[in-house]
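Worksheet: the structure to be examined is printed underneath.
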There are 8 protein chains.
Amino acid sequence: MDRDRARALLEAVREGRVTPESALESLARAPFVETAEGRVDLHRALRQGLPEVIYGAAKTAPQIVEAMRTLAAHGQAALATRVPPEVAVHVREALPEVEYLEDARLLCLGPAAPVRTGLGSVLVVCAGTADLPVAREAVAVARRFGNKVELLADVGVAGLHRLLASLELLRSARVVITVAGMEGALPSVVAGLVAVPVIAVPTSVGYGASFGGVAALLAMLNSCAPNVAVVNIDNGFGAAALATLINRA
Amino acid sequence: MDRDRARALLEAVREGRVTPESALESLARAPFVETAEGRVDLHRALRQGLPEVIYGAAKTAPQIVEAMRTLAAHGQAALATRVPPEVAVHVREALPEVEYLEDARLLCLGPAAPVRTGLGSVLVVCAGTADLPVAREAVAVARRFGNKVELLADVGVAGLHRLLASLELLRSARVVITVAGMEGALPSVVAGLVAVPVIAVPTSVGYGASFGGVAALLAMLNSCAPNVAVVNIDNGFGAAALATLINRA
Amino acid sequence: MDRDRARALLEAVREGRVTPESALESLARAPFVETAEGRVDLHRALRQGLPEVIYGAAKTAPQIVEAMRTLAAHGQAALATRVPPEVAVHVREALPEVEYLEDARLLCLGPAAPVRTGLGSVLVVCAGTADLPVAREAVAVARRFGNKVELLADVGVAGLHRLLASLELLRSARVVITVAGMEGALPSVVAGLVAVPVIAVPTSVGYGASFGGVAALLAMLNSCAPNVAVVNIDNGFGAAALATLINRA
Amino acid sequence: MDRDRARALLEAVREGRVTPESALESLARAPFVETAEGRVDLHRALRQGLPEVIYGAAKTAPQIVEAMRTLAAHGQAALATRVPPEVAVHVREALPEVEYLEDARLLCLGPAAPVRTGLGSVLVVCAGTADLPVAREAVAVARRFGNKVELLADVGVAGLHRLLASLELLRSARVVITVAGMEGALPSVVAGLVAVPVIAVPTSVGYGASFGGVAALLAMLNSCAPNVAVVNIDNGFGAAALATLINRA
Amino acid sequence: MDRDRARALLEAVREGRVTPESALESLARAPFVETAEGRVDLHRALRQGLPEVIYGAAKTAPQIVEAMRTLAAHGQAALATRVPPEVAVHVREALPEVEYLEDARLLCLGPAAPVRTGLGSVLVVCAGTADLPVAREAVAVARRFGNKVELLADVGVAGLHRLLASLELLRSARVVITVAGMEGALPSVVAGLVAVPVIAVPTSVGYGASFGGVAALLAMLNSCAPNVAVVNIDNGFGAAALATLINRA
Amino acid sequence: MDRDRARALLEAVREGRVTPESALESLARAPFVETAEGRVDLHRALRQGLPEVIYGAAKTAPQIVEAMRTLAAHGQAALATRVPPEVAVHVREALPEVEYLEDARLLCLGPAAPVRTGLGSVLVVCAGTADLPVAREAVAVARRFGNKVELLADVGVAGLHRLLASLELLRSARVVITVAGMEGALPSVVAGLVAVPVIAVPTSVGYGASFGGVAALLAMLNSCAPNVAVVNIDNGFGAAALATLINRA
Amino acid sequence: MDRDRARALLEAVREGRVTPESALESLARAPFVETAEGRVDLHRALRQGLPEVIYGAAKTAPQIVEAMRTLAAHGQAALATRVPPEVAVHVREALPEVEYLEDARLLCLGPAAPVRTGLGSVLVVCAGTADLPVAREAVAVARRFGNKVELLADVGVAGLHRLLASLELLRSARVVITVAGMEGALPSVVAGLVAVPVIAVPTSVGYGASFGGVAALLAMLNSCAPNVAVVNIDNGFGAAALATLINRA
Amino acid sequence: MDRDRARALLEAVREGRVTPESALESLARAPFVETAEGRVDLHRALRQGLPEVIYGAAKTAPQIVEAMRTLAAHGQAALATRVPPEVAVHVREALPEVEYLEDARLLCLGPAAPVRTGLGSVLVVCAGTADLPVAREAVAVARRFGNKVELLADVGVAGLHRLLASLELLRSARVVITVAGMEGALPSVVAGLVAVPVIAVPTSVGYGASFGGVAALLAMLNSCAPNVAVVNIDNGFGAAALATLINRA
């Protein structure tokens, strides 16, 4: 509840239109819906300008269905991330209007946000073909959140010419999301070439001493470029949400 | 070298005003100055709109002096981060015009950038008094880079009322930098209250299982808020540089 | 063997009613039953006021059945924790009177303890829907151990209003169990709001740099609130057992 | 601000005794004092029944002095933990009434809480002589917080007879704090002998593969006894604060 | 090749019975058999008094069969450790005389060594029922290597009376193998009660912060008892081999 | 694009044979082919003298097929590493001319490089039978890259005579690749016996505290022999590629 | 208290020579002396045949002096390990009869044990000169505990000939202690050459990825030789104590 | 002892010129000198073509002096690495002819090896000024070992133009040593630009999540370039030794 609404409420109390007890209830009443399995947040769109997103990794199909239905019933779009195909199938049986992007493991309910002209475009750059699922999660989420998005794939640093060939594209973006596993060097190189914020997404691509993405994560946290910040391993969604807020005018 | 300058150079070659050999030299010639100790980058300001910043942690005073002098000789402002007081003393003996912010361990040469109206203000929020040195590095750097900056200190999550009392301030910023050690919970709580990008800076404040800031770092990487990205432990400088780029119109 | 029984035994020796050899045997004889697979402890109820609990994770169905039968034969209730459904099926074939709570992976033999009025109620708070299985283990165990228990679910710190809306419930408990994965910030926030002991249970919910619950565990160990103590990752059972002892008058 | 005070405030608004603007201010006004270096929490005593405690590890003497003075000016007792002797000297120069327990690195301002009869006594048990500083921090804090406290030292598990000789003392406590470094086995053994909550404090005593207390910490988190919870390495203060809350009737 | 055989060979060269070339070959010829898949060591029995043992974890059934056949063809007994049941089935189809102890995942070819009276008996002590597979590997191997072996199971430290009830058995052994997961406290307690070498075997029993046996491993490495040495996690075989050498007169 | 080609291009601009715009395009045009799934590098053979190698671990069969087809269409040989059998089957259905070495998980398209006499031979030494898959990957790749290769298997350091028996073979190589899991001691011992570069490949063979090859990796990085360098765990391919470049005259 | 003394005590009770109360006291009375700083164990010599050893790392000089005096007053020899020179000086001022071996950081009070012929000799082997302090601790302790001890130094595995030159010495020992840092390969190689128990002591010698001895520790835990057990990093004392018990007839 | 000398010795035995006993001694006699502190290896030059190098980090000045004197007495050059200035001073007092390179912490005795034309030159590339000490160790050692060496400094990947400006130099080397801390991305980028072996040296330059060089180490082990191998953190010496062997014709 923001300050303006609080002030209006208190005015109503003074004028006798609202009882103190009732005002107290309003002050305490949170903008969520209590369901059998949780408290679905209805006001994130209001608070953050982003729709509520359901973390689908450890949820059952019925839990996802219930949360999506609640959001839909309140007129909100919704996403569910990290949903395995076998769960998605069951969700779509219950909610056939839901779209599933298997590559990005993303369930989408309701229309995408209209493209805002905002500050510019979001560019998603990924190091190798194996990083594509994470990159595609970022692309899909950023698009649904109303950004103009482009994807530049397979430009790992051991073949610099592939990256340098797209310098113009790199420099045209308002914010760059870099997605890389293994040695995670891509963000440092990209950040040295552009003058905008770079969000680094380490991926779990690799083996042995990559430790499920830790090597890439550490490299990104230690980037000698000053314009890099990092999100969790494989977190394409978070990178896209953050990029959306950066891209807003 | 950007595409326009390359095109102009090639035109000059075609018109015979520049020989191919000389053009080749120009294409290869990098925008740096070779000194006894390194290659000082003169074009970061041009490339990124940020002045060159010297990583002072493992450098001797003469190395810092030489790099700063080179930058000054080319008309550039310069910063040096993580400079211990005993090194700073020697740098200032050689370059008395340099300013030293001991709390932030920051050496500053030349004038700060003029404040840009940009998109809004940068808010630096820190959890405890012990986090202040890192927070102050962020504040000082962001100010020198031309931002309007505010500091909200000592608002750890175990006393929520201190944070909630400043809700209005929190919501007025274009970008928030959160600085916290120990359990590193502050960014998650702050990010849920604002609708802008939140940069999380873990600090090495703590003992035992804080592992020099690792506990806070991991907490921040795992934030359930979608609008958080993380920089290295104690990296107030990086957070401020990134915030500057986010804050630009 | 407690001090009083030892004294009585020694008196019997002095009076010649018991031979020294036999007394020696009694002193050495432990309150357990030797079975084919182990030594079932019969005196934990006597020693700790808690029934014996079988760690079911690495046991076969026959091992669990034997232990439960032995306890039942001595008139004791029993629990088995972390029992996978496919093992539980076989246990219940052998012991149909056993109840299985699949969500909590808990096998229960015999009646629950009667609810003691004790010092108050146990409140289990969990951050997200994905943490519910661990929270439900805590709820189920605490109930069987005779506590009045309430559950507050889906109140993660990135949507503080959901938590603050239940402040009254939070402050009514004698002991609070907080269950959270990812950044594990919930216990710090809750502990700042209540004046009772808070037991923190990290969960393995999360991915990437959550490292199976390590991020949450470290956050909880580093809580800046002074009234937090931590149990093992996903250890809902341990939290409930400890809460039971705290709750006793 | 609790619910009752909020209700009274709203009644005053309705009756016209307080303007909405002023009520809004009151709702927002947090119970802390803004100083040059932080926000000193004045209401922890009210919220938690524990005085405010200053984390002294990374603070300068002037920072500690200011915080203590602020608390004293509001009639509150105060502690500062983890204060090195060279800092303590300067604090006591400014505030001669402050007491310093060097062994426990604890600064104390104001009178200790009166001993409450509460539920019983707090027993602090430590494994070796090297663990004594941490144990003494726990003892000193628990005493100042109004508990009856006893200390049982040097009863490591490799010489069980030393521990078993004090079985009666062990079983007389309402809550036991166990302090151990190296293999950290003491809490498991103690917890098997008592029927009360056991708080385990790992210490950094050890070398090599003790990794500064990690070995002990992990052992304690994995205790097979159900009545053990763990605090941070060397955190004698936290254990005492928690024990205080457990010990309350 | 030992020194006596080398001397005899050199004598033969001097006397002209062996040519230098041939002696050179003998000196270089190693006591192994080259097979398609490896070099089977035939002289370990001679060098160490222990039969060759095949590490079965990452080998195919044909690889194990070939190694066992080669050893059998040279009159040697053989063991294969860590053999999963599905591999063991195929080995036994090819070599029906091989015995398989499923619980210990051990394949045995040829007769066990005759029991040597040696210095005494080997006692295997394990903390919980879940540790039994590792304990049984130790028991089975130690028996095949000719030791008198006893097993004391389910005597975890949280129920000390179970362990203390068998003090006489503990003190009768020449060497004790302790097997424990979770907090790994058993070796420290046992080692304080006996006057013989204690070999500690951490097991992977546990969850969460047990990290697959790391917690127990670290606890054992940090034992404050001076008579403990540690082998790899779940390495019942190694403990038994070492105990055999300790037990020899 | 190398310097000579750049010079020729610029000459053509000067002579008017090429327009600046077109030259600019050429300078920017990278030597790769854009496909639906990535940018296939065609010039690695030119740049490094090694054919392009596809990292097959996280790719689908269609992705591998497309990359291989593209390379074949440009007359290049190709390898794909770490391809599981079930993926390989599908690749070979689409590209029957591809060869699959199941043991090494290697897909090979096109002829092997002709054996160069170069500087000498590559020797692959492995510690145990379980390390053979990694060793065979190294052997297969080194052969396809045109080296004379030999394999010395099952010469672990706990049976030194097996290794010393092949001293002549060891000393005949130009470069040695050592492959070992568990304690990873083989490279140190081998490197002390030869006067050539030794590439160490840790393997994930082992259990418990081998941590998936970390123990071997650390041992190799800490080798007290000065002629050892290390590649990633299980990275037989990388060792072979590097050995090829070392072996070149 | 051993079984025989318990039986005698109980006989005395039966015969009326001892009252039950008094017997109870005796049973409970532990064989230790309560001092200001701890409980000094007087019966370890009786229980384990080893004198009490004081862990000197975290103790003050007065604490060590008090413990040594107490032991001396009861006619026992004593050692204190890991005592820094500056502490040792103060101990020797108070107890001039104490001997200090600076290299081994060992304080010794009272005569060494007489050399027992026992089973044979203890051989301490160390890899490099830098490992000598730990090796010398092992040598000094083993000698004081009554063993015949030999030292073989500087025989790292990268120069095998140095080790093989002493094969006869290696094979003459009853038990071998191997001391090595860096890659920690020495125990595996030595254990393959002898037929006796090998105790491995990792040292903190090394830098970078040796992680203070962790690399050597892991290598030793993963030894492919079956006759190796490991003690803590730099724990020469523990190795010697264990070797003493192994060496006993 | 190599095969030819062994054959000659055996011939001498056959011909009666050498007794078997004496031959046995010769076979066993290792090419080292036994000193008070260790076994100085005299034959490394013979075995590996590299002079003996003394690991100076944990040695006293007298130990280094003795080893160097022994080597000099046998006509060998010698290096000592990682020698702190305060130790170097004492060594040079005893051996004034020794040269000390403080930046590289290297003590050098005797003449450098003559420059071999070999296969080409060794290029040492380092990312930042702070990496220079390690780079200079590599340069100094490679020069003393007879290589033509060049140094390219301060070419971190966040300012690619600095690196690309030296492409010609990069491509002229026979082997490249890359030295980098922080994110450790330099080897991947360099290796993609050259066709020769690249040795990667991680440095401990960095802070926070660089973990003393671990971040750089992991990045280098996970390089997606196939021509990279890694040595220990800060191990400039090892890289130079290996480069020397690679560079030999």
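Per chain, numbering begins at 1; letters A, B, ... match sequence-line order.
- Without hydrogens or angle criteria, D234(C) side chain to G208(E) main chain gives no donor-acceptor distance under 3.5 Å.
- Here the side chains of N232(C) and Y207(E) are in contact, with some heavy-atom distance below 4.5 Å.
- The two atoms that bring L217(C) and A209(E) nearest to each other are CD2-CB, 4.0 Å, heavy atoms only.
- Using a 4.5 Å heavy-atom threshold, the side chains of V205(E) and Y55(C) count as touching.
- Rounded to the nearest 0.5 Å, atoms NZ (K59(C)) and OG1 (T129(E)) are 4.5 Å apart.
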